[in-house]
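Single-structure report; data block below.
The sequence lines fix the lettering, A, B, ..., with proteins before strands; numbering per chain opens at 1.
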Amino acid sequence: MPSQNVALSLHAPRARSERVIARVLQACGWLSVLTTAGIVAVLLFEALGFFREVSVIDFLTDTEWTPLFADKHFGIWPLLSGTLLTTIIAIAVALPLGLLAAIYLSEFARPRVAGVLKPVLEMLAGVPTVVYGYFALTLVTPALQRFVPGLSGFNALSPGIVMGIMILPIIASLSEDAITAVPASLREGAYALGGTKLGAVFRVVLPSASSGIIAAVILGVSRAIGETMIVAIAAGQQPRLTADPRVPLETMTAYIVQVSLGDTPTGTLEYRTIFAVGLSLFVMTLLLNAVSHRMRARILKGGAL
Amino acid sequence: MRAENIHAWFGPTHALKGVTMSIVDRQVTAIIGPSGCGKSTFVRCLNRMHEVVPGARVEGKVLLDGQNIYGTRINPVRVRRHVGMVFQKPNPFPTMTIRENVLAGLRLNGQSSSDPEHVVETALKQAALWEEVKDTLGKSGSSLSGGQQQRLCIARALALEPDVLLMDEPCSALDPIATARIEELVHELSSKYTIVIVTHNMQQAARVADFTAFFYQGEIVEYGETDVIFTRPQNQRTEDYITGRFG
């Protein structure tokens, strides 16, 4: 073949359409970045307005949150503790159940059973959270009141448990993926050493899947922290610094709902409180993400936690 | 150890068609043959690892000290304690340290050793790894080189003091120097253990094995002393294979 033919084929001008497509894709990528930046900007701007009137120190040290009362206090702790308490209850429910479900699905269930169970479990994730909220308020709370003395109609326990059920599929499904991704050679290595199925799962497979399981739990925690409807419906609207899961309290998200839906005029200090609370939520999820990143990096570098 | 009329299936595929062979104690027996001849399947039948794969099935007997390991009251988990196995690709447990890897067998069996340090040192010395790792026992097992990892896997198997050690192409993922070390080790270990080694490398079989079996299409074609198999094979197919005419 003469060499100039090769040179000609190299000149084929198809670059323009590719450049257009690349631009479109680039724009899509930037759109999400810009949206995030916009949200952060709004949060920061409004929160700054709030912190011009209320000092950060009061916000972080005051133990009362009463911005809608005559005697105003702006301490985040009651809302923060409400969020933490419901989240802890949710994880206490979802982690053991989700992990055991994942172990069962990946190691013990026959493929046919797993093929039915996994989609059904994932359907739980599709239930609207407002339905979960009413489920907590009208079914779980009355049921719990029979066993738990002193349980109020609004409390942290019931929405916490229901939130646990809500994030169960996330934790189960992602943990199952992580467990299934553990190479078969490690399982075989454990069996060849006289390990039982359970021994192989708990000593070899789960530790090897720990990074994925931790990622699953952190995602579940983020969902629980950000969850709004369940706690707004079933936990009450009384900011309270307490570790007692039986009494009404209010989470950060539920407070934002309360103010957003109420008749607080825009631009007032009361109105701006929701941006300060929103910013705090944002910082929490950001921290969680950072922690999960560091943990993953540490595990990937080799060795256990 | 003796295998009697072993048949094995993967789903509908009949991978082993009636293999009978006696394995001599404290000798190295090599199993050679072309890919897909059933040699790996055969050794996995000797410690009941074949049935771990979904859809896999075994028929026949394997006698270990006169006891059929496929007998009705036999627990496969206990069998694997007595018949250790080293795999093609080194598979140290990545979340465990070198020390924990050696002790993994004991832990998996729910046993605690009265002197774990002694177990670790003895096993690593037997696997000729002690000198290289004695100062770094707390490091991750996956931080070692491929050859070291494979010797760690051998140490891990030896820590259980098995009667038989099965090695399924233990050098196929290793470089020539690491391979030479493993071969040397196999030779040393044969004074204490019965070893069955699967290999597709005929020179390796000739170097390390006292006895060699040639497998072809799920059947045992020829089995005898390594010298005889390599110098005066009785069967035409054995001769064709070892002279490189097929396989």
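Atom CZ of Arg223(A) has 12 or fewer neighbouring heavy atoms from other residues, nucleotides or ligands inside a 6.0 Å radius. In Arg26(B), the CZ atom is not crowded: 12 or fewer heavy atoms of neighbouring residues, nucleotides or ligands sit closer than 6.0 Å. Shown here is Trp77(A), whose CH2 atom has no more than 12 heavy atoms of other residues, nucleotides or ligands within 6.0 Å. Residue-environment remark: CD (Gln67(B)) stays at or below the threshold of 12 foreign heavy atoms within 6.0 Å. Other residues, nucleotides and ligands place no more than 12 heavy atoms under 6.0 Å from the CD atom of Glu161(B). More than 12 heavy atoms of other residues, nucleotides or ligands sit less than 6.0 Å from atom NE2 of His7(B).
Formation of a donor-acceptor pair under 3.5 Å by the Asn109(B) side chain with backbone atoms of Leu193(A) is found in this model.
Of all the heavy atoms in Ala192(A) and Met49(B), the pair that sits closest is N-SD, 4.0 Å. Of all non-hydrogen atoms in Pro94(B) and Leu186(A), the two that sit nearest each other are CD-CD1, 3.6 Å.
Interatomic distance, Lys89(B) NZ to Glu188(A) CD, rounded to the nearest 0.5 Å: 12.0 Å. To the nearest 0.5 Å, atoms OG1 (Thr196(A)) and CZ (Arg78(B)) are separated by 11.5 Å.
Proximity to chain A (any heavy atom under 4.5 Å) is restricted, for Pro92(B), to the backbone atoms N, CA, C and O. Contact of Arg156(B) with chain A is made through backbone and side chain together, with heavy-atom distances under 4.5 Å.
When side chains are defined from C-beta on, Lys197(A) does not count as touching Val77(B), because their heavy atoms never get closer than 4.5 Å.
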